[in-house]
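Scope of the values below: all heavy atoms of this structure, side chains included, with no hydrogens, waters or symmetry mates.
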Amino acid sequence: MATSNNSNNSNTTANSDLDSQVNVEDLPITFKVKYIGSEASRGLWGIKYTRRPVDIMVGVAKNLPANKVLPNCDLKVSTSGVQLEIISPKASINNWSYPIDTISYGVQDLVYTRVFAMIVVKDESSPHPFEVHAFVCDSRAMARKLTFALSAAFQDYSRVVKEASGEDQVDVNGATPNDIITPTRQKFAIDLRTPEEIQAGELEQETEA
């Protein structure tokens, strides 16, 4: 009986992922989200660097005074990056963007499964050059689709970088063209595992440790 349930769960996940799939040709895609905010991150890649900041931001959001609400936003994912526009309430600064070459990591949170989080690289001379930005979606499925959308943007950016760099070419200063195109970092990652798969992976690492 348990085997049947596991099989059904796997089929459900597979079907959900098919619904969430996003190709480069599908971009740009706009999602209706609420912007939770940003917190400093201690690293570039991995849910271990987004989990605590997300907990802090969600805690603050849950304790907002009655007269304050999270801003409703249009979040657009395109091959050039992520653009955010605040729809309501009115704000002095109501739109900004995160260029694709400044985003190092994106993931659907494993605890708050409607939350999508990404790490953005600011000025590396800053004391805290990495920031986690978090957004709450209407559903878990939307958060997953948003993750896939950013993955498609990363794939396109990777293709552009490879084409421009001629793969293994190195200039006279020892820097590859890839370094020149992306001065802030030379790697990015997207975690397409489900929250359950991420949780299982974290527990497995703890067991091994």
Side-chain angles (χ1 to χ4, degrees), residues 22 24 27-61 70-87 91-137 142-161 178-193 195 198:
V22 176
V24 175
L27 301 177
I29 300 178
T30 300
F31 299 86
K32 299 287 186 184
V33 301
K34 291 181 186 291
Y35 181 49
I36 305 176
S38 65
E39 276 286 328
S41 169
R42 293 186 175 184
L44 276 171
W45 318 285
I47 196 158
K48 63 183 177 182
Y49 294 124
T50 61
R51 259 299 30 257
R52 179 166 169 72
V54 167
D55 273 345
I56 292 170
M57 287 184 276
V58 170
V60 170
L70 292 175
N72 291 295
C73 307
D74 280 350
L75 185 155
K76 182 169 75 173
V77 179
S78 69
T79 54
S80 59
V82 172
Q83 185 172 358
L84 200 69
E85 181 180 358
I86 297 176
I87 305 304
S92 54
I93 300 174
N94 65 356
N95 67 80
W96 62 91
S97 60
Y98 310 96
I100 193 68
D101 67 341
T102 65
I103 303 169
S104 65
Y105 181 70
V107 68
Q108 177 183 12
D109 191 67
L110 65 85
V111 175
Y112 303 103
T113 56
R114 290 195 300 134
V115 170
F116 169 78
M118 65 183 189
I119 297 175
V120 174
V121 182
K122 302 191 301 176
D123 181 0
E124 287 193 280
S125 63
S126 164
H128 302 288
F130 317 130
E131 274 186 347
V132 177
H133 293 261
F135 311 88
V136 61
C137 302
M142 183 192 289
R144 189 133 182 83
K145 187 161 187 173
L146 176 44
T147 309
F148 273 95
L150 186 59
S151 175
F154 275 167
Q155 287 169 16
D156 185 71
Y157 178 65
S158 178
R159 175 190 61 78
V160 170
V161 168
N178 192 24
D179 294 331
I180 297 164
I181 294 169
T182 56
T184 52
R185 56 177 178 74
Q186 286 77 48
K187 179 185 171 186
F188 46 82
I190 192 86
D191 201 328
L192 294 177
R193 292 176 297 169
I198 295 173

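Closest heavy-atom contact between V24 and A152: CG2-O, 3.4 Å. In terms of heavy atoms, P53 sits closest to A40 at CG-O, 3.7 Å. For the pair T30 and D74, the tightest heavy-atom approach, listed with the atom from each and the gap, is CG2-CB, 3.8 Å. Nearest heavy-atom pair across N72 and K34 is OD1-NZ, 2.8 Å. In terms of heavy-atom proximity, F31 sits nearest to M142 at CD2-CG, 3.8 Å.
The closest side-chain heavy-atom distance from K145 to V22 is below 4.5 Å.
Within the 3.5 Å criterion, the main-chain N or O of L44 finds a donor-acceptor partner in the side chain of S104. Side chain of S41 to main chain of G43: a donor-acceptor pair is present (N/O by atom type, distance under 3.5 Å, no hydrogens or angles). In terms of modelled atom types and a separation under 3.5 Å, the side chain of Y157 and the main chain of G81 share no donor-acceptor contact.
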Next item on the list: In sequence, state the C-alpha distance, the side-chain angles, and the governing distance for W96 and I86, and then conclude on side chain to side chain contact (heavy atoms under 4.5 Å, CB included).
Entry: CA-CA 9 Å; W96 62 91; I86 297 176; 3.7 Å; yes
Next item on the list: Start with the C-alpha distance between Y105 and I47, add both sets of side-chain angles, then the distance that settles side chain to side chain contact (heavy atoms under 4.5 Å, CB included), and finish with yes or no.
Entry: CA-CA 9 Å; Y105 181 70; I47 196 158; 3.8 Å; yes
Next item on the list: Run the numbers on C73 and V33 for side chain to side chain contact (heavy atoms under 4.5 Å, CB included), then give the verdict.
Entry: CA-CA 5 Å; C73 307; V33 301; 4.1 Å; yes
Next item on the list: Might you work through the side chain to side chain contact (heavy atoms under 4.5 Å, CB included) test for N94 and I87, ending with a clear yes or no?
Entry: CA-CA 8 Å; N94 65 356; I87 305 304; over 6 Å; no
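Ion pairing between D55 and R52 fails under the 4.0 Å rule for side-chain N and carboxylate O.
The structure places CG of N95 at 6.0 Å from CD of Q83, a figure rounded to the nearest 0.5 Å. Once rounded to the nearest 0.5 Å, the distance linking CD1 of I36 with CD1 of I56 reads 12.5 Å. One distance of note links CG of L27 with CG of L150; it measures 9.5 Å at 0.5 Å rounding. For the atom pair T79 OG1 and F154 CZ, the distance stands at 13.0 Å (nearest 0.5 Å). With rounding to the nearest 0.5 Å, the separation of CG in D156 from OG in S80 is 10.0 Å. Distance check, rounded to the nearest 0.5 Å: CG of D109 to CZ of R51 gives 4.0 Å.
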For residues 111-121, tabulate all N or O donor-acceptor pairs below 3.5 Å that involve a side-chain atom, not counting sequence neighbours.
from : atom 1 : to   : atom 2 : distance (Å)
R114 : NH1    : C137 : O      : 2.8

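Aromatic ring pairs are classed by plane angle as parallel below 30°, tilted from 30° to 60° and perpendicular above 60°; the pair Y35 and H133 is parallel.
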